[in-house]
Asks: 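Starting off with a structure, shown below.
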Amino acid sequence: LEEAQARIRRRLEKREDSFLGMVERDIFGCAHSPYRKLLELAGCEMGDVRRLVAGEGIEGTLTSLHDAGVYVTFDEFKGKKEAVRGSQRLSFRAGDFDNPNLVPEAELETGGSRGDGSVVRVSLPLVEDMAVNMAASQDAQGIANHTHAVWTLSSGGLCMLRLAKLGTPPVAWFYPMKPLPRRLKAAYWSVTVLSRPLGTRLPLPRLLHMQEPERMARWLGDHGRRGRPVAGICYATSAVRVCTVAAAMGISLDHVCVVTLGEPYTEAKDAAVRAAGARATVRYGLSESGLISDSCGNPDCPDDMHLFTGCFALIQRPREVGPGGVTVQAFAFTSLLASAPKIFLNFDTGDYGVLKRRRCGCALESLGLVDHISHIRS
């Protein structure tokens, strides 16, 4: 924990260096970078970026660049739509945004919740960087010593590795639909077998279908009777199903913290979780980036999270959505880590929400993480 906290503080201290290094190394140093083309259209060179950062800071620089047309929307990022900037029309492919200086060691298949699924190539240094964030956030949330169980498919393997890096490998990994793709099955069996001579026992994947929440409710209840607090990592809807079934079956989940992923976590979902005696924390991230934010230790709403500002920069820009022309404050993320699978520079993820700075008094604030995001919708 102490090492993780120290690394988070160092990231914040070196934040501007990390941003400038990313732009010089991964954008201007890569001839086919989409962002390099956008910066050239805006008449912006590396020296201009340095001067902007010196005068306006990272977020001010990103705002100026966004207003000059240096951004990428979700459909442009996926190659589904041309990027139109003035009279110029540019076409990108999803692979164009791969980190050009990354040596990938694994492939993650995205879930396709925003469209067609795709493959993201990741490295083990990303697993370690995300484990640093998890160590600090689990301490702030009081779940560092919980028994962990994973109930997801696409991100289950990497989540398992992050927990193993922290010395707390999960006791179970359930996948929520069948069949488990043959390629994934072979990969996870290999990792499990190879880990054992090193003294780490990783669980083999077992089927627990998402349409059988009563089985998960019983599994969690059994752990409670043994006096073992559990952190169950799953999608928000799955958490609600399990807690609703548990309440109906008379199973107390007062020893359970559900760690929700992948979907908005609303007041109504939180009420359903609490009705079973459980509580929840919320994680927000993308397959293309890793963990972006995690729950505050003293939240002021169900999905109040600390933004990991040593890993990402975030600005908001107004954007019209829907047939009625509703304006929302869209998120535009920029990646700062050298281990980032994809390079983000004002990447509009298709999500929006509330970004604010507040003093919450939790352990994450004491590390310098004072920016919060909440009420995230797509």
Asks: Is it the case that the side chain of R85 and the backbone of G69 share a donor-acceptor pair, with hydrogens and angles ignored and the cut-off at 3.5 Å?
Replies: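 Yes; at least one donor-acceptor contact below 3.5 Å.
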Asks: Can you name the one residue among E45, E24, E16, E56 that meets salt bridge (Lys or Arg N to Asp or Glu O under 4.0 Å) with R50?
Replies: E24
Asks: Please list every donor-acceptor pair under 3.5 Å in which a side-chain atom of residues 126-138 meets a protein atom from a residue at least two apart or in another chain.
Replies:
residue	atom	partner	partner atom	Å
E128	OE2	R7	NH1	2.9
D129	OD1	R11	NH2	3.3
D129	OD2	S339	OG	2.6
N133	OD1	R11	NH1	2.7
S137	OG	N133	O	3.1
S137	OG	M134	O	3.2
S137	OG	D294	OD2	2.8
Q138	OE1	H148	NE2	3.3
Q138	OE1	R283	NH2	3.4

Asks: Between CG of L314 and CG of L62, what distance do you get to the nearest 0.5 Å?
Replies: 9.5 Å
Asks: Test of understanding: with ring-ring contact (aromatic ring centres under 6.0 Å, His included), list the residues that count as partners of F331, not counting sequence neighbours.
Replies: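 If we apply the ring-ring contact (aromatic ring centres under 6.0 Å, His included) test to F331, skipping adjacent residues, the hits are F333.
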Asks: Are V53 and L65 connected, step by step, through hydrophobic side chains (Ile, Leu, Val, Met, Phe, Trp, Tyr) whose heavy atoms are closer than 4.5 Å?
Replies: yes
Asks: Please name the pair of heavy atoms, one in R121 and one in P104, separated by the smallest distance, quoted to 0.1 Å.
Replies: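 Smallest heavy-atom distance, with atoms named: CB-CB, 3.6 Å.
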Asks: Look only at the side chain of W151 and the backbone of L208, and say whether a donor-acceptor pair between them is shorter than 3.5 Å.
Replies: yes
Asks: For residues 364-378, which residue pairs pass the salt bridge (Lys or Arg N to Asp or Glu O under 4.0 Å) check, not counting sequence neighbours?
Replies: R357-D371, R359-E365
Asks: Taking R319 as the fixed residue, which of D348, V326, T73 is the one that meets the side-chain contact (heavy atoms from CB on, under 4.5 Å) rule?
Replies: D348
Asks: Does N145 CG have over 12 foreign heavy atoms under 6.0 Å away?
Replies: no
Asks: Tell me if a side-chain donor or acceptor on Q141 pairs with a main-chain N or O of S295 at a distance below 3.5 Å.
Replies: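 Yes, the answer is positive, given that a donor and an acceptor are paired below the 3.5 Å cut-off.
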Asks: With sequence neighbours excluded, tell me which residues meet side-chain contact (heavy atoms from CB on, under 4.5 Å) with C159.
Replies: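 Checked C159 against side-chain contact (heavy atoms from CB on, under 4.5 Å); matches are V150, R162, L163, I233.
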Asks: ring-ring contact (aromatic ring centres under 6.0 Å, His included): which pairs involve residues 244-279, sequence neighbours left out?
Replies: none
Asks: Considering residues at least two apart in sequence or located in another chain, which fulfil the side-chain contact (heavy atoms from CB on, under 4.5 Å) criterion with P203?
Replies: M160, P170, W173
Asks: Is it true that atom CZ of R226 has more than 12 heavy atoms of other residues, nucleotides or ligands lying nearer than 6.0 Å?
Replies: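 Atom CZ in R226 is packed in, count exceeds 12.
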Asks: Can a side-chain donor-acceptor contact be found between Y35 and N346 if the only test is distance below 3.5 angstrom?
Replies: no
Asks: Using distance alone, with no hydrogens and no angle criterion, decide if S123 and E105 have a side-chain donor and acceptor under 3.5 Å apart.
Replies: no
Asks: Indicate the atoms forming the closest heavy-atom contact of N298 with C360, along with that distance.
Replies: ND2-O, 3.2 Å
Asks: With rounding to the nearest 0.5 angstrom, report the OG1 to CG distance, T266 to D303.
Replies: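 One gets 8.5 Å once the value is rounded to the nearest 0.5 Å.
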Asks: Could you tell me which non-hydrogen atom of A340 sits nearest to which non-hydrogen atom of L102, and how far apart they are?
Replies: O-CD2, 4.2 Å
Asks: Please give me the minimum heavy-atom distance between M22 and I343, naming the atom from each residue.
Replies: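 Scanning both residues completely, I find the closest heavy atoms to be SD-CG2, 3.8 Å.
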